[in-house]
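Notes for the one structure printed next.
When reading the values below, keep in mind they use all heavy atoms of this one structure, side chains included, and skip hydrogens, waters and symmetry mates. In what follows, chains carry the letters A, B, and so on, assigned in the order in which the sequence lines appear, proteins first and then strands, with residues in each chain numbered from 1.
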Protein chains: 2
Amino acid sequence: MVKPMNKYEALKLKYQLCFPLYCASKEVIRRYRPLLERLNLTYTQYITMMAFWEYKSLNVKELGKLLMLDSGTLSPLLKSLEAKKFVARVKSEKDNREVIFVITDEGESLKERAVEIPQEIAGCISLSFDEAKQLHVLLNKILEK
Amino acid sequence: MVKPMNKYEALKLKYQLCFPLYCASKEVIRRYRPLLERLNLTYTQYITMMAFWEYKSLNVKELGKLLMLDSGTLSPLLKSLEAKKFVARVKSEKDNREVIFVITDEGESLKERAVEIPQEIAGCISLSFDEAKQLHVLLNKILEK
DNA sequence: CGAATTTATATTGTATACAATTAAATTGTA
DNA sequence: TACAATTTAATTGTATACAATATAAATTCG
């Protein structure tokens with residue numbers, strides 16, 4: 001019998017989808033930690049730097065949309081990346097409310113040291129290429145609108 | 001062309017598996033929030049109560065193993081569930097270091113109000129039954145040591 | 001037995017997340 | 001053009017996460 005048998009069965013941890021999702025997310029971030037320590041980055045700072053490696057310059061709102069984070073999370077995060085000299089704050093000409101952050105040379109050079117990380121992480125995650133692709137598709141279904 | 005084309009392509013957000021995993025986990029927790037608010041529970045408190053609904057009585061170590069959380073997270077969490085009278089602290093007879101938490105009547109009655117949540121959440125997540133099962137399998141692969 | 005080690009939990013410190021609020025700047029519009 | 005509404009970011013407050021440390025109790029073992 002596979003299906004839950006009484007009205008409370010559905011409340012057991014083992015039948016939840018959210019729980020392994022939540023655990024797997026934390027577990028993967030845990031596996032990044034020793035690799036990112038070498039770059040003096042946390043996981044959230046790492047994905048933020050990915051955005052800057054790609055886009056060079058972003059305001060808080062654009063970054064928030066890319067990373068699905070709000071200013072309550074990003075403000076202190078950016079302050080910390082700024083303190084580490086990986087990004088710099090510049091003021092917008094056209095709108096004084098806007099705060100633009102640009103990647104620094106030091107932030108760019110960090111990319112050289114990060115370039116091996118995707119391979120290293122792939123080696124720590126026990127999924128085949130096809131399974132990873134499948135997982136990607138399923139996660140995106142959860143995320144779409 | 002599907003594969004990354006220069007040595008930095010692999011550092012783009014869109015090629016990461018960790019990132020949709022991290023976003024999907026937060027997104028699912030976000031969808032629980034309005035449902036759990038009615039029970040005066042956060043998501044982490046909810047999965048903790050799931051453990052107590054099933055096991056009635058647990059010490060911090062057992063709970064940590066079930067939920068993959070350490071005492072640094074669980075101590076304040078249990079203090080809060082205790083303040084809400086959903087669990088109570090009892091002292092162990094056989095080992096004075098151990099702190100046992102037991103579910104209260106109020107904690108048990110919360111289960112009645114939680115019983116609809118799994119169905120409600122399933123309705124908010126755009127995955128078929130089969131897709132959810134697939135996802136479960138893939139996530140467990142990541143989690144298995 | 002008794003010191004050294006191990007174990008169980010709590011505390012401290014740092015870094016997210018996110019709701020709610022605030023403040024400043026811009027925009028829409030009567 | 002005044003001025004209400006909206007927008008952008010920062011701040012505040014609450015709740016995780018987790019590493020590192022502290023503390024007390026149990027266990028190991030010489």
>> If you go through the side-chain atoms of B:Arg97, does one of them form a donor-acceptor pair with the base of C:dT7 closer than 3.5 Å?
In response: yes

>> Measuring from the side chain of A:Val99 (C-beta onward, heavy atoms only), which nucleotide among D:dA10, D:dA17, C:dA25 has the closest atom?
In response: D:dA10

>> So B:Asn96, base contact, sugar-phosphate only, or nothing? Heavy-atom distance under 4.0 Å.
In response: sugar-phosphate

>> It should be established whether A:Lys94 places a side-chain nitrogen or oxygen under 4.0 Å from OP1 or OP2 of nucleotide D:dT8.
In response: no

> B:Glu108 pairs by salt bridge (charged side-chain N to carboxylate O under 4.0 Å, His left out) with which of B:Arg113, B:Lys85, B:Lys56?
Replying inline: B:Lys56

> B:Thr44 near the nucleic acid: base, sugar-phosphate alone, or nothing, with a heavy-atom cut-off under 4.0 Å?
Replying inline: sugar-phosphate

>> Could you check whether any side-chain heavy atom of B:Leu139 comes within less than 4.5 Å of a side-chain heavy atom of B:His136, counting everything from C-beta outward?
In response: no

> Side-chain donor or acceptor of B:Ser71 under 3.5 Å from a matching atom on the base of C:dA10?
Replying inline: yes

>> Let me spell it out: for each of A:Tyr22 and B:Asp95, pick the nucleotide of DNA chain D with the closest heavy atom. Which residue's pick is nearer the 5' end?
In response: A:Tyr22

> How close or far is atom C1' of C:dA8 from atom CD1 of B:Ile100, stated in whole angstroms?
Replying inline: 12 Å

> Mind checking who C:dT22 pairs with, Watson-Crick or G-U wobble, both distances under 3.5 Å?
Replying inline: D:dA9

> Between A:Ser126 and B:Glu144, is any side-chain donor less than 3.5 angstrom from a side-chain acceptor?
Replying inline: no

>> Among A:Glu54, A:Glu112, A:Lys111, exactly one meets side-chain hydrogen bond (donor to acceptor under 3.5 Å, both in side chains) together with B:Tyr8. Which residue is that?
In response: A:Glu112

> Can you tell me if the side-chain N/O atoms of B:Thr42 get under 4.0 Å from OP1 or OP2 in D:dT16?
Replying inline: yes

> Does OP1 or OP2 of C:dC18 have a side-chain N or O of B:Lys26 closer than 4.0 Å?
Replying inline: yes

